[in-house]
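The residues of the chain are indexed from 1 along the displayed sequence.
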Amino acid sequence: LGACGLLVAAGIMPQTDGFITVQVGAADTATVAGNEEDLAVLLRLPQGDALLTETGNPGSVTLGQIDRGDGLVSVRFADSGPPPVDGLMQEEWRAFLDLGDRLVTIGVRGYARAPLTAGQAQGLLYGTVAALRTAN
């Protein structure tokens, strides 16, 4: 998801520029609720780095903070490989949660030309989590 004004360089510009991705798994893929600690442990292992990287090279990931909540695990990391879209920061904030019986992953990156602060990125991430939970 990206603001139309940013994508076409016209229109009303948002106060915080960020690129948000939302991935929704197939039915019966929900795994986070009740397993928050296990997921946090996995993210600290090389297998977790492989899960986070866009390139499949776990050596490209530098892990930052991992937070756990009720049915939610979020992680801050940097991937030195190429970003999923040109012009994005290497740093990403990602959340894992269940919506119904589906695993949902939300990623937030800033633009290299206008990097997000940690507070801005967390605001976008948790705001997206809240909006999805409310809608579902």
Kindly write out the residues that satisfy side-chain hydrogen bond (donor to acceptor under 3.5 Å, both in side chains) with [X], not counting sequence neighbours, or none if the list is empty.
X: Asp98; result: none
X: Arg44; result: none
X: Thr134; result: none

Got [X] and [Y] here, is their nearest side-chain heavy-atom distance under 4.5 Å?
X: Leu72; Y: Glu36; value: no
X: Leu52; Y: Asp79; value: no
X: Leu99; Y: Val24; value: no

Any donor-acceptor pair under 3.5 Å from Gln122 side chain to Gly119 backbone: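 Looks like no, no N/O pair under 3.5 Å.
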Test item: side-chain donor near acceptor, Asp67 and Gln65, under 3.5 Å: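 Checked: Asp67/Gln65 side chains pair up, N/O donor to acceptor below 3.5 Å.
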Inter-residue atom distance Met89.CE - Phe19.CZ, 0.5 Å rounding: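 If I round to the nearest 0.5 Å, the distance is 14.0 Å.
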Reported CD1-to-CG distance for the pair Ile106 and Leu124, which is rounded to 0.5 angstrom: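 Between Ile106 CD1 and Leu124 CG, I get 11.0 Å after rounding to 0.5 Å.
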Under-4.0 Å salt bridge between Arg68 and Glu37: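 A salt bridge links Arg68 with Glu37.
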Sidechain N-carboxylate O distance under 4.0 Å for Glu92, Arg76: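 Result for this pair is no, no salt bridge flagged.
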Worked check of side-chain hydrogen bond (donor to acceptor under 3.5 Å, both in side chains) between Ser60 and Thr53: CA-CA 7 Å; Ser60 68; Thr53 184; 3.1 Å; yes
